[in-house]
2 protein chains.
Amino acid sequence: MGDTSGAGEPPLEEQIAAYQREFQDLDPQVEKIVSALSRLNRRMNVAYGRQTADLGISNTDWEVLKALVLSGAPYRLGPGDLAKRLGLTPAAMTHRIDRMVTEGLVTRERDETNRVRVIVELTSEGREKWLEAMRLASVFEEDLLQDLSPDDRTALGEVLTRLLRRVEHAQPDAGGRLSDLD
Amino acid sequence: MGDTSGAGEPPLEEQIAAYQREFQDLDPQVEKIVSALSRLNRRMNVAYGRQTADLGISNTDWEVLKALVLSGAPYRLGPGDLAKRLGLTPAAMTHRIDRMVTEGLVTRERDETNRVRVIVELTSEGREKWLEAMRLASVFEEDLLQDLSPDDRTALGEVLTRLLRRVEHAQPDAGGRLSDLD
DNA sequence: GCTGAAGACTTAGAAGCTAAAGTTCGAAGG
DNA sequence: CCTTCGAACTTTAGCTTCTAAGTCTTCAGC
């Protein structure tokens, strides 16, 4: 199924061998793919996390920034809408916004046309942080894929989206929010 | 950089287009790979999470079970050792073990040869749960890779381990414990 | 003007984690 | 023999982030 912690981890091959000892009905080839995928993803997240931490933003902040930026100019969304996009309850969203307002990443104001609604808007500082994080990330990503030829990249992208399609169609998706399980 | 929530997510292509609008220096091919990888991993974790939840064990329980099983028979480790493998503080480990003892997944006893030490041992019920989870997982994984020919599988495994090697060598790994960032 | 529904916020509480202090035991030195 | 030090685990206090349930405000229809 993959890996878990990332700290004192054994080499991939070793761990797969251990899995086989403990669970005979295991296809090593399948397990290699799944474990590598999971481990790779975890390592990337560690790298991203370090980069964003250097910029002074948390993972939860990052999610909100991303949702706002992806909504397009003028980068405004209501708390309820944000909550839906991030898979949170409105209450959790309120707290996140509180924090981010004090951090200067977003502003919160009432909608003057409908005073029940609230509008969360990205500040220029928030946008700048997002851009800076993206710059760091794209450097990291380019470096990660450095050894892959253009053909390799095309093939990999194609295979991964094929797998993704399979998962997304098979899964109704209950909005779960789960850490590494492997 | 990938995805975040999993709930009301737009199609991959659409999201990459949005990224390009907001951040010009983005290689769509790179982004496609990274986003698919991240999203795929998240969906898989949702699936695993559902399966283990059906068995009545939490994600945190699962991590501990895995560490014990992978340590090999007789499936015994000290709390401190477990904490290192999982990247937790000893205090956090104490709490996890408390819970798992009441759930009947492990036992905790003092080492009679050195009464400072504690030994955590997998119960047969704990081992059975792990096995059952692995059975479910391997079915899911085989299904996921169904459309890939043996050659495709070999190639994918090879490419992923190549990427993994690159990340692992570049990164000292600060033991971070980070959720999806993309 | 009242009433109901919608949207956001508040409160209370759960799950996990960390850091730091406390406990218990083994070992080494006087 | 006894004392002291250190190792290993637990306890305590507090943080973060989440959910559920109740409250407040405002709009819209009657």
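Letters A, B, ... mirror the listed sequences (proteins, then strands); counts begin at 1. Atoms considered below: every heavy atom in the structure, side chains included; atoms not considered: hydrogens, waters and symmetry mates.
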For the pair made of CG in Asp111(B) and P in dA7(D), what is the distance, rounded to whole Å? 18 Å

Applying side chain to side chain contact (heavy atoms under 4.5 Å, CB included), name anything that partners Thr89(B), two or more places apart in sequence or on another chain. Ala91(B), Ala92(B)

Write down the distance between CG (Leu86(A)) and C1' (dT19(D)), rounded to a whole number of angstrom. 16 Å

Could you tell me whether the side chain of Ser38(A) and the main chain of Val34(A) form a donor-acceptor pair under 3.5 Å? no

Protein-nucleotide distance (Lys84(A), atom NZ; dT19(D), atom C1'), rounded to Å: 17 Å

Per the salt bridge (Lys or Arg N to Asp or Glu O under 4.0 Å) rule, what does the pair list look like for residues 68-82 of chain B, sequence neighbours excluded? Arg76(B)-Glu121(B), Asp81(B)-Arg85(B)

Measure from CD on Glu63(B) to P on dG16(C) and round the result to the nearest Å. 11 Å

Check this one for me: any side-chain N or O of Thr89(B) less than 4.0 Å away from OP1 or OP2 of dC17(C)? no

Side-chain N or O of Arg96(A) closer than 4.0 Å to phosphate OP1/OP2 of dT16(D): no

Check the orientation of Trp130(A) and Tyr19(B). Use parallel for under 30°, tilted for 30 to 60°, and perpendicular for over 60°. parallel

Return the nearest nucleotide to the side chain of Arg115(B); candidates are dC25(C), dT26(D), dC17(C). dC25(C)

Whole angstrom is fine here: how far is it from CG in Asn114(B) over to C1' in dG6(D)? 12 Å

side-chain hydrogen bond (donor to acceptor under 3.5 Å, both in side chains) involving Ser124(A) - partner list, sequence neighbours excluded: none

Which salt bridge (Lys or Arg N to Asp or Glu O under 4.0 Å) pairs, counting each pair once, include a residue from residues 10-25 of chain A, with sequence neighbours left out? Glu22(A)-Arg127(B)

Check side chain to side chain contact (heavy atoms under 4.5 Å, CB included) between Val118(B) and all other residues, then give those that pass, not counting sequence neighbours. Pro79(B), Arg108(B), Arg110(B)

Under-3.5 Å N/O pairs linking protein and nucleotides 5-11 of chain C:
residue	atom	partner	partner atom	Å
dA8(C)	OP2	Gly80(A)	N	3.2
dC9(C)	OP1	Arg108(A)	NH1	3.0
dC9(C)	OP2	Thr94(A)	OG1	3.2
dC9(C)	OP2	Arg108(A)	NH1	3.4

Please state how far atom CE in Met100(B) lies from atom C1' in dG16(C), giving the value in whole angstrom units. 15 Å

Whole-Å gap separating P (dC17(C)) and CG (Asn59(A)): 16 Å

For Leu82(A) and dT17(D), what is the distance between atoms CG and P respectively, to the nearest whole Å? 16 Å

